[in-house]
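First up is the structure itself, then whatever we jot down about it.
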Amino acid sequence: VWTYNCKDMVSTPKVSTGVMKDLSESGLTSLCDKRSTAFLPIALEMQRNRLKLNRGWHTKLAGILAEERFKVHSELTELLSKDINVKSSPQVQHVIYDILRLPVKKKRGTGNVTTEENTLKELRAEFPDCDVLTLILKERHLRTKESNYINVKFDSDEHLSYMVNIAGTKTGRWAFSKSPKWRGSSPQTVPRVMRLMYEPPQGSVFWSRDLSQAEVRVVAWLADCKFLLDVFANSKYKIHKLIGGKIFRKEPCEIESDTLEYDTAKSVVHAYDYMMRYKRLAVEANISNDFAKEVLTNYGALVPEIDNWHKSIKETVIKTGRLVTPMGRVRVAFKSCSVLTHTGQLPDEYWRDLVSHIPQSTVPDVLNEGMLKCWNELPWARWHQQGHDSYLASGEPGRTREFFTRSEEYARVPFIIRGQECIIPSEFKWGYNWGAMLGYKIGEDTSREAWQHRCDTEVDRKGRSVFDVSRIKEGLYSLF
């Protein structure tokens, strides 16, 4: 009781007093109020509003998942000529290490043999043609989706509840978790295909605004990267479509958003920006080690300035012991300074963490500033979720154009990098289902019937609408 309850009640006020004193002495109290405390009312409103479950879609997705899981399990059973439980470590170890004779992986800390998720993904990156390994990962992936998104404990009025922590990370990113009553889950981690389970409040429509290619834009400005800056200034395609086209030898227009090809390209850009090694990229992007090494090398040749930016981050921390973002947020690098003092070296893991800090901190600060203006000026809008570079709100369908116009204006938050004013552009979508949001066309009919018509008639390159079952099934495996 003392450890889990009373200790918090005693320690938190003591710690908060010390933190407030440190902020005051550092001249950062006003910055803390501006970047953190000011958002408490919005966070609390998100907790109150929650997300409304669409029971019909919940049931349908549960059925599709069960069907896919049965199909994958049957394929695995046929390949092995026996039935196994893919969640059983001893059974999977026997298959992977005894039957397939793949290299035995052990935990670094304990030296125990392991078949945890990342271990199997590392093996898949080494042996991409091993069908048994792929099927084990697929079934585990589907079962995780069931437990995390289908078998969630919803509130009695069929809403997903959650708790918002506006100061849960060192970058200033918000963190969502289960509600204080241990119901619900984080709406930040719901995959796009599983968002089909959620709909706006009765008589309302969802609105979302998303900062476009936000982190990679910040990296481009910080590094003064000619290739990226030229793409953002002159190309009609997103950077991830261009890189996807180069990776898969296709035209950029053939790389569709929210597909495996698009997500892979996005992972490559993210990996190089933040000094990720090719083996880690292979695990993250579901590609082989050889392919990961090739695409990372090819992308690096396009953006040589980013390497220099990486070095400048290290030099700044060595010289000053801190980083300051364009939005004024200050990070004192205590751990890095400690390691530098004792060893004279900055380990790569610390360096990578520092490199990612400014882009990953700047983007949510920009988003939140625009969101706060909306919250103050548009009291008729309801707020549901914040996703680092995007937010989800709802309101009367007839006010869609007004929310579009005002939110676009407020989202244009300027900041200075290398003496130049920078503004991240944003995109707006609307819809009567969180998993089927549509790009807004100024002045269009925003009734449910008009939305349904667009959902049914707008198709991808394979001729599938957003509600097509084959498209939904494909979405279940995104970067598994």
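Only this structure's heavy atoms are used, side chains among them; waters, hydrogens and symmetry mates stay out.
A salt bridge links Lys473 with Glu68: at least one charged nitrogen is closer than 4.0 Å to a carboxylate oxygen. Checked for salt-bridge contact, Lys335 and Asp353 miss the test: no charged N lies under 4.0 Å from a carboxylate O. We find that Glu75 and Lys138 are not joined by a salt bridge, their nearest charged nitrogen and carboxylate oxygen being 4.0 Å or further apart. We find that Lys250 and Glu261 are joined by a salt bridge, their nearest charged nitrogen and carboxylate oxygen being less than 4.0 Å apart. By the 4.0 Å N-to-carboxylate-O rule, Lys319 lies too far from Glu315 to be salt-bridged with it. With respect to Arg35 and Glu369, a salt bridge is recorded, a charged nitrogen being found less than 4.0 Å from a carboxylate O. A salt bridge links Asp365 to Arg329: at least one charged side-chain nitrogen sits closer than 4.0 Å to a carboxylate oxygen. Residues Lys279 and Glu126 are not paired through a salt bridge, judged by the lack of any N-O separation under 4.0 Å between the basic side chain and the carboxylate. A salt bridge links Glu474 with Lys462: at least one charged nitrogen is closer than 4.0 Å to a carboxylate oxygen. A salt bridge links Arg277 with Asp348; the closest basic N to acidic carboxylate O contact falls under 4.0 Å.
In this structure, Ile239 and Ile243 have side chains that are in contact, with non-hydrogen atoms separated by less than 4.5 Å. Counting only heavy atoms from C-beta outward, the side chains of Leu123 and Tyr97 approach each other to under 4.5 Å. His270 is listed as a side-chain neighbour of Met276, based on a closest heavy-atom distance under 4.5 Å. Contact check for Leu120 versus Arg140: side-chain heavy atoms found under the 4.5 Å cut-off. Looking at Tyr278 and Ile287, their side chains never come closer than 4.5 Å, going by heavy atoms from C-beta outward. Annotation: side chain of Thr115 is not in contact with side chain of Ile136 (no heavy-atom distance under 4.5 Å). Within the 4.5 Å cutoff, no side-chain heavy atoms of Asn165 are placed close to those of Phe176. Proximity of His357 to Thr171: side-chain heavy atoms (C-beta onward) are separated by under 4.5 Å at one or more points.
When only modelled atom types and interatomic distance are considered, Arg124 and Asn286 share a side-chain donor-acceptor pair under 3.5 Å. Between Asp468 and Ser470, the side chains place a donor N or O and an acceptor N or O closer than 3.5 Å (distance only, hydrogens not considered). Side chain to side chain, Tyr162 and Gln385 fail the donor-acceptor criterion of an N or O pair below 3.5 Å. Under 3.5 Å, the side chains of Ser407 and Trp207 contain no donor-acceptor pair of N or O atoms. At a cut-off of 3.5 Å, with distance as the only test, no side-chain donor of Tyr432 or Asn54 sits close to an acceptor on the other residue. Using modelled atom types and a 3.5 Å distance limit, the side chains of Trp351 and Gln345 yield no donor-acceptor pair. Using modelled atom types and a 3.5 Å distance limit, the side chains of Asp263 and His240 yield no donor-acceptor pair. Using modelled atom types, one finds a donor on one side chain and an acceptor on the other under 3.5 Å when comparing Gln452 with Asp456.
Remark: side-chain polar atoms of Lys241 are not paired, donor with acceptor, to backbone N or O of Tyr262 under 3.5 angstrom. Formation of a donor-acceptor pair under 3.5 Å by the Thr134 side chain with backbone atoms of Cys130 is found in this model. Formation of a donor-acceptor pair under 3.5 Å by the Arg464 side chain with backbone atoms of Val459 is not found in this model. In terms of modelled atom types and a separation under 3.5 Å, the side chain of Asn433 and the main chain of Gly435 share a donor-acceptor contact. Listed for the Gln188 side chain is a donor-acceptor partner under 3.5 Å among the backbone atoms of Gln386. Looking only at distances, a side-chain donor or acceptor of Ser147 sits under 3.5 Å from a matching main-chain atom of Thr144. Between the Glu256 side chain and the Arg461 main chain, a donor and an acceptor come within less than 3.5 Å of each other. Panel note: side chain Tyr391, backbone His384; no donor-acceptor pair is recorded below 3.5 Å. In terms of modelled atom types and a separation under 3.5 Å, the side chain of Asn368 and the main chain of Pro364 share a donor-acceptor contact. Judged by distance alone, with hydrogens and angles left aside, the side-chain atoms of His73 form no donor-acceptor pair with the main-chain N or O of Leu135 at under 3.5 Å.
Using a 30° and 60° split on the angle between ring planes, Trp451 and Phe467 fall in the perpendicular class, above 60°.
Leu476 approaches Lys145 most closely through the heavy-atom pair O-NZ, 3.3 Å. Counting all heavy atoms, side chain and backbone alike, Glu305 lies closest to Cys225 at OE1-SG, 3.6 Å. When all heavy atoms are compared, the tightest approach of Pro414 to Ile423 is CA-CG1, 3.9 Å. Summarising the geometry of Ile358 relative to Pro326, their closest heavy-atom pair is CG2-CD, 3.7 Å, with the distance given to 0.1 Å. Between Gly370 and Val413 the shortest heavy-atom distance is N-CG2, 4.0 Å. Shown here for Leu354 and Ser336, the closest heavy-atom pair between the two residues is CD1-OG, 3.4 Å.
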Query raised in the report: Does the pair Leu222 and Arg217 meet the rule for a side chain to side chain contact (heavy atoms under 4.5 Å, CB included), with working shown?
Result: CA-CA 9 Å; Leu222 289 167; Arg217 285 183 191 273; over 6 Å; no

Requested in this report: Applying side chain to side chain donor-acceptor pair (under 3.5 Å), run through Gln360 and Tyr274 and close with a yes or a no.
Outcome: CA-CA 10 Å; Gln360 292 187 347; Tyr274 299 148; 4.5 Å; no

Query - Asn148 and Ser185: CA distance, side-chain angles, deciding distance, side chain to side chain contact (heavy atoms under 4.5 Å, CB included) verdict - result: CA-CA 8 Å; Asn148 288 356; Ser185 64; over 6 Å; no

Query - Glu408/Arg209 under side chain to side chain contact (heavy atoms under 4.5 Å, CB included): CA gap, chis, key distance, verdict - result: CA-CA 8 Å; Glu408 183 172 54; Arg209 186 160 288 282; 3.4 Å; yes

Query - Audit row: Ile150, Met194, side chain to side chain contact (heavy atoms under 4.5 Å, CB included) steps and yes/no - result: CA-CA 9 Å; Ile150 296 296; Met194 304 307 291; 3.7 Å; yes

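Rounded to the nearest 0.5 Å, atoms CD1 (Ile247) and CZ (Phe291) are 6.0 Å apart. Between the OG1 atom in Thr400 and the CD1 atom in Ile442 there is a gap of 12.5 Å [rounded to 0.5 Å].
Within a 6.0 Å sphere centred on NZ of Lys105, heavy atoms belonging to other residues, nucleotides or ligands number more than 12. Taking a 6.0 Å sphere around CZ of Arg418, one finds it holds more than 12 heavy atoms contributed by other residues, nucleotides or ligands. The environment of Lys314 atom NZ is dense: over 12 non-hydrogen atoms of other residues, nucleotides or ligands sit within 6.0 angstrom. Annotation for Lys373: atom NZ counts as buried by contact number, over 12 foreign heavy atoms lying within 6.0 Å. By the 6.0 Å contact criterion, NZ on Lys87 is enclosed, its count of non-hydrogen atoms from other residues, nucleotides or ligands being greater than 12.
Residue Arg69 is tested with Glu139, His141, Glu146 for a side chain to side chain donor-acceptor pair (under 3.5 Å); the sole match is Glu146.
Residues passing the salt bridge (Lys or Arg N to Asp or Glu O under 4.0 Å) test with Glu199 are Lys52, sequence neighbours excluded.
Note: His58 and Tyr198 fail the aromatic proximity criterion, with ring centroids not under 6.0 Å apart.
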